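First up is the structure itself, then whatever we jot down about it.
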Number of protein chains: 2
Amino acid sequence: MSPMTTMDLLERTIVRSGHRLTTPRRRLLEVMDGLGDRFTADQVLAASPGVGRATVFRTLRLMQELGVVCQVVLDGGGVAYRLGSGGHHHHVVCSECGAVSDFASHDIEDLVAELGRRSGFEIDSHRLELYGRCQRCRATLILD
Amino acid sequence: MSPMTTMDLLERTIVRSGHRLTTPRRRLLEVMDGLGDRFTADQVLAASPGVGRATVFRTLRLMQELGVVCQVVLDGGGVAYRLGSGGHHHHVVCSECGAVSDFASHDIEDLVAELGRRSGFEIDSHRLELYGRCQRCRATLILD
DNA sequence: TTCTATGCAAATGGTTTGCAGTCTA
DNA sequence: TAGACTGCAAACCATTTGCATAGAA
């Protein structure tokens with residue numbers, strides 16, 4: 001039997017959720033899959049001629065609800081999106097090349113709960129994003 | 001001698017920074033000071049008749065640069081602002097009543113650095129916001 | 001008296017909505 | 001065939017910009 005691709009997995013998620021697997025949705029998933037580790041709504045729109053702006057945003061929202069797309073809050077405050085990685089996790093974003101990588105950590109979850117407790121809150125969610133320079137960018141010498 | 005009020009402190013910060021202490025700025029500071037522990041640009045605008053929309057946003061931006069106003073990223077993704085509390089810190093936001101409280105923690109800073117290291121990044125900043133229910137809201141029984 | 005800062009209104013950028021028509025299940 | 005989904009365009013919302021004028025220093 002042929003191996004399950006990312007696309008198969010994504011399409012299955014949609015079907016399983018009771019939503020319809022339409023042509024635009026399939027096309028958008030392919031586009032997102034091809035856009036790399038993070039992309040904006042505009043990038044998706046530009047790369048999907050024939051698909052309407054509203055559909056891009058509606059699909060993006062649906063995918064977030066289904067947990068197959070997540071938001072990345074950028075350094076400057078803007079938002080980008082990212083495919084895959086269901087489940088709770090955080091991002092490290094390279095402020096130079098924009099590379100994003102995921103991480104999850106029990107330590108963070110524990111600490112967050114503890115900090116909430118200290119301030120009298122019962123924490124039920126949180127956002128954490130890290131910004132810095134990735135290994136590759138740090139290794140690149142500035143030669144000019 | 002009379003004690004230094006929050007307003008004095010804020011006004012001094014503006015003057016020290018080389019910017020002018022104008023009437024609209026003074027008015028906006030007063031308004032923000034009166035709006036509680038978090039407010040939106042719209043709230044400030046609505047509470048400052050006679051002051052233009054652009055001035056509200058320009059002032060908000062200046063205050064952020066001076067470090068006397070900071071952004072609070074809300075649960076839903078929107079942004080609010082908050083007076084005071086210079087220096088690096090995080091927020092705990094009550095999703096029921098909107099109350100915000102600040103905290104800073106060496107543990108978080110250390111952990112963030114460590115997590116960055118593990119992913120090969122050199123972290124130079126991060127965002128962390130906690131969401132939950134504050135003590136007061138938790139204590140309030142739902143009676144209907 | 002200079003030049004920063006303002007108010008207004010129009011422009012912007014990103015996202016959402018209304019609706020008549022399309023296409024999946 | 002029903003109704004979920006789409007494209008289009010217009011609406012929306014928050015923030016920014018251009019410009020002539022007002023007002024701190």
Side-chain angles (χ1 to χ4, degrees), chain A residues 7-8 10-32 35 38-66 68-82, chain B residues 7-8 10-32 35 38-66 68-82:
Chain A
M7 280 299 294
D8 292 335
L10 294 172
E11 299 190 346
R12 264 179 213 219
T13 307
I14 292 182
V15 174
R16 258 186 295 139
S17 72
H19 294 267
R20 292 184 182 174
L21 184 51
T22 63
T23 308
R25 283 183 181 161
R26 237 191 301 250
R27 204 170 303 171
L28 289 176
L29 286 178
E30 265 166 29
V31 165
M32 294 181 205
L35 276 176
R38 80 167 218 206
F39 45 82
T40 62
D42 262 354
Q43 286 178 298
V44 175
L45 180 62
S48 316
V51 177
R53 188 194 323 282
T55 302
V56 169
F57 282 100
R58 286 190 275 235
T59 305
L60 235 21
R61 187 145 34 108
L62 174 62
M63 303 309 263
Q64 283 180 77
E65 278 157 23
L66 300 185
V68 298
V69 159
C70 62
Q71 283 194 343
V72 181
V73 178
L74 302 179
D75 209 354
V79 288
Y81 301 89
R82 181 169 168 71
Chain B
M7 280 299 293
D8 292 335
L10 293 172
E11 299 192 345
R12 267 181 210 217
T13 306
I14 292 181
V15 174
R16 259 186 294 138
S17 72
H19 293 268
R20 290 183 182 174
L21 185 52
T22 63
T23 309
R25 283 182 181 162
R26 236 189 301 250
R27 205 169 302 170
L28 289 176
L29 285 177
E30 264 166 29
V31 165
M32 294 182 206
L35 276 175
R38 81 167 218 204
F39 44 82
T40 61
D42 261 353
Q43 285 177 300
V44 175
L45 180 62
S48 316
V51 177
R53 189 195 320 285
T55 302
V56 169
F57 282 100
R58 285 189 276 236
T59 305
L60 234 23
R61 185 144 35 107
L62 174 62
M63 302 312 260
Q64 283 181 76
E65 278 156 24
L66 300 185
V68 298
V69 159
C70 64
Q71 283 194 342
V72 181
V73 178
L74 302 179
D75 209 355
V79 289
Y81 300 89
R82 181 168 168 72

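Residue numbering restarts at 1 for every chain, and letters A, B, ... go by the order of the sequence lines. In this text the structure is predicted, and so the values were computed from the model without any measurement.
- For the helix from C:dT1-D:dA25 to C:dA25-D:dT1, the rotation axes defined at the first and last 5 base pairs enclose an angle of 40°, given to the nearest 10°.
- In this structure, CG on A:D42 lies 7.5 Å from CZ on A:R53, to the nearest 0.5 angstrom.
- Using a 4.0 Å heavy-atom criterion, one finds that B:T23 contacts the sugar-phosphate atoms exclusively.
- In this structure, B:I14 places its CD1 atom 13 Å from C1' of C:dT4, rounding to the nearest Å.
- Between B:L66 and B:S17, the shortest heavy-atom distance links the atoms CD2-CB, 3.5 Å.
- We find the CE-CE distance between A:M32 and A:M7 to be 10.0 Å, quoted to the nearest 0.5 Å.
- Across every non-hydrogen atom of A:T55 and A:L28, the tightest pair is O-CD1, 3.9 Å.
- Counting to the nearest Å, the C1' atom of C:dG7 and the CZ atom of B:R25 are 14 Å from each other.
- Contact annotation: A:Y81 does not reach the phosphate of C:dG14 (side-chain N/O to OP1 or OP2, under 4.0 Å).
- To the nearest 0.5 Å, atom CG of residue A:L29 and atom CG of residue A:L21 are 8.0 Å apart.
- Contact between A:L60 and A:A41 at its shortest, heavy atoms only, is CD2-CB, 3.8 Å.
- For the atom pair OH of A:Y81 and CZ of A:R38, the computed distance is 12.5 Å after rounding to the nearest 0.5 Å.
- A straight line from CD of A:E65 to C1' of D:dC5 spans 15 Å, rounded to a whole angstrom.
- B:L28 places its CG atom 13 Å from the C1' atom of C:dG7, with the value rounded to the nearest Å.
- In this structure, B:H19 reaches the C:dA5 phosphate: one of its side-chain N or O atoms is under 4.0 Å from OP1 or OP2.
- Phosphate proximity of D:dT6 to A:T22: present, with a side-chain N or O under 4.0 Å from OP1 or OP2.
- A:L66 places its CG atom 11 Å from the P atom of D:dC5, with the value rounded to the nearest Å.
- Separating the CG atom of B:D42 from the C1' atom of D:dC13 is a distance of 9 Å, rounded to the nearest angstrom.
- Annotation: proximity of residues 48-63 of chain A to DNA chain D (heavy atom, distance under 4.0 Å) is found for A:G50, A:V51, A:G52, A:A54, A:T55, A:R58, numbered in ascending order.
- Side-chain proximity of B:R20 to the nucleotides D:dA24, C:dT15, D:dT15 is greatest for D:dA24.
- Rounded to the nearest 0.5 Å, atoms CD (A:Q43) and OG (A:S48) are 11.0 Å apart.
- Between the CG atom of B:L21 and the P atom of C:dT6 there is a distance of 10 Å, rounded to whole Å.
- Separating the CZ atom in B:R20 from the CD1 atom in B:I14 is a distance of 13.5 Å, to the nearest 0.5 Å.
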